[in-house]
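Owing to the predicted nature of the structure, the values given are computational and were not obtained by experimental measurement. In what follows, every chain begins at residue 1, and chains take the letters A, B, ... in the order their sequences are listed.
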Protein chains: 2
Amino acid sequence: MGARLSHLGLAVAAHDDVIVFWRDLLGLTLSPVEHVESEGVAVAMLALEPRADGTGGAIELLQPDPGDNAVARFLDKRGPGIHHVALSVDDIDGLVHRLREHRVRLINAEPRPGAHGTRVVFVHPKSTGGVLVELVQEPAGDS
Amino acid sequence: MGARLSHLGLAVAAHDDVIVFWRDLLGLTLSPVEHVESEGVAVAMLALEPRADGTGGAIELLQPDPGDNAVARFLDKRGPGIHHVALSVDDIDGLVHRLREHRVRLINAEPRPGAHGTRVVFVHPKSTGGVLVELVQEPAGDS
């Protein structure tokens, strides 16, 4: 058991609104922007400083495409801010089983494929203290 | 330059509302609850799984005292959720100098004493993408 920070998803109207702060001033390393067609967002990953094991998590800037999509609706309703917190776990199937036993509200009750071969489950903010939590299991041999 | 996750501050009406999820189900390690008189909050730190260097950041549950205080006002206005993101940095004075040069909005323009010998500066959500960011410098010899 236990969990590590994978990333913090930050919904913004435009990457350019905040890139100076996160990249140029704080000094986080920006990866090439990826467009996720299925979600209608452009994703900019800003790596936190790696720790001794080479990982440190990241800030993920989510910029919605024009039109209707989940991040655009989030921005309309709440303005920019933390959209979700993603935590890496080692046994997502066992964890989901325990969560369901305790009637934790899940957005998807079975792990679904995420980016880069991960498997992910979203936990409803009602069960976490008001924040959407993404649980992420890295592909085997990649953790 | 660069930054590491120190903690995510999560405002909740009561620790007990969410402790089963974070401690018992996710398996984060709970430290003894501390009461911070000056802020009017009871703080429960839940350690994320340590990485190779022994640090991994934490989820910080903030439960306001009865009456008026910043966390109570946050809950009244927005409900439970992420109150701030705290990042550890190595040269807070140099960073604050750069932030001020770029007209980043700071809550306190000079580092002030935080918990456990740290020095902290808060950056206004307007400059970060909608989230209050706490910059933390650990005491010398402790990072």
Side-chain angles (χ1 to χ4, degrees), chain A residues 1-5 8 10-13 15 17-29 46-59 61-62 75 78-85 87-90 95 98-99 101-102 104 123 125-133 135, chain B residues 1-5 8 10-13 15 17-29 46-59 61-62 75 78-85 87-90 95 98-99 101-102 104 123 125-133 135:
Chain A
M1 291 222 295
R4 300 169 296 287
L5 179 71
L8 297 179
L10 194 63
V12 295
H15 296 156
D17 293 349
V18 297
I19 206 78
V20 168
F21 174 74
W22 291 99
R23 180 190 61 190
D24 302 337
L25 296 173
L26 268 190
L28 307 195
T29 306
L46 290 148
L48 292 164
E49 199 173 285
R51 300 174 184 281
D53 71 348
T55 63
I59 308 291
L61 301 182
L62 302 164
L75 287 170
R78 317 207 14 179
I82 297 282
H83 178 269
H84 66 276
V85 173
L87 300 173
S88 294
V89 300
D90 291 328
L95 176 55
R98 289 194 302 277
L99 296 176
E101 275 185 341
H102 283 78
V104 169
V123 185
K126 284 279 181 203
S127 289
T128 67
V131 63
L132 178 64
V133 171
L135 303 170
Chain B
M1 292 222 295
R4 300 168 296 285
L5 179 71
L8 296 180
L10 194 61
V12 295
H15 295 156
D17 292 347
V18 297
I19 206 77
V20 168
F21 173 73
W22 291 99
R23 180 190 61 191
D24 302 337
L25 296 173
L26 267 190
L28 307 194
T29 306
L46 289 148
L48 292 164
E49 200 172 282
R51 299 174 186 280
D53 71 348
T55 63
I59 307 292
L61 300 182
L62 302 163
L75 286 170
R78 317 209 11 181
I82 297 283
H83 178 269
H84 66 277
V85 172
L87 300 173
S88 295
V89 299
D90 291 328
L95 177 55
R98 288 194 303 278
L99 296 176
E101 276 185 340
H102 283 78
V104 169
V123 184
K126 285 277 183 204
S127 290
T128 68
V131 62
L132 179 63
V133 171
L135 302 170

Chemist: Enter the distance from Leu62(A):CG to His15(A):NE2 here, rounded to the nearest 0.5 Å.
Modeler: 7.0 Å
Chemist: Quick one: which of Asp24(B), Val20(B), Val131(B), Ile59(B) has the most heavy-atom pairs under 4.5 Å with chain A, could you say?
Modeler: Val131(B)
Chemist: Given heavy-atom pairs under 4.5 angstrom as the criterion, report whether the side chain, backbone, both or neither of Leu87(A) touches chain B.
Modeler: side chain
Chemist: For the candidates Leu135(A), Val133(A), Ile82(A), Val89(A), which exhibits the highest count of non-hydrogen atom pairs separated by less than 4.5 Å from chain B?
Modeler: Ile82(A)
Chemist: Go through the atoms of Ala47(A) and report whether side chain, backbone, both or neither lie under 4.5 Å from a heavy atom of chain B.
Modeler: neither
Chemist: Is Leu61(B) close to chain A through its backbone or its side chain, or both, or neither, when contacts mean heavy atoms under 4.5 Å?
Modeler: neither
Chemist: Heavy-atom pairs under 4.5 Å with chain B: which of Ala11(A), Pro80(A), Gly27(A) has the most?
Modeler: Pro80(A)
Chemist: What part of Leu25(A) lies closer than 4.5 angstrom to a heavy atom of chain B: side chain, backbone, both or neither?
Modeler: both
Chemist: Answer with side chain, backbone, both or neither: which region of Ser127(A) has an atom nearer than 4.5 Å to a non-hydrogen atom of chain B?
Modeler: backbone
Chemist: Given heavy-atom pairs under 4.5 angstrom as the criterion, report whether the side chain, backbone, both or neither of Leu26(A) touches chain B.
Modeler: both
Chemist: Among the options Arg23(A), His102(A), Arg98(A), Glu101(A), pick out the one with the most heavy-atom pairs lying under 4.5 Å from chain B.
Modeler: His102(A)
Chemist: Do Val18(B) and Thr128(A) have side chains that get closer than 4.5 Å, going by heavy atoms?
Modeler: no
Chemist: Between Arg4(A) and Asp90(A), which heavy-atom pair has the shortest distance, and what is it?
Modeler: NH2-OD1, 3.1 Å
Chemist: I'd like to know which of Ala3(B), Gly81(B), Ala13(B) tops the heavy-atom pair count under 4.5 Å against chain A.
Modeler: Ala3(B)
Chemist: Tell me, for Leu8(A) versus chain B, whether the close heavy atoms (under 4.5 Å) come from the side chain, the backbone, both or neither.
Modeler: side chain
Chemist: Quick one: of Val12(B), Leu10(B), Thr29(B), who has the most non-hydrogen atom pairs under 4.5 Å with chain A?
Modeler: Leu10(B)
Chemist: What distance do Phe21(A) atom CZ and Leu28(A) atom CG have between them, rounded to the nearest 0.5 Å?
Modeler: 8.5 Å
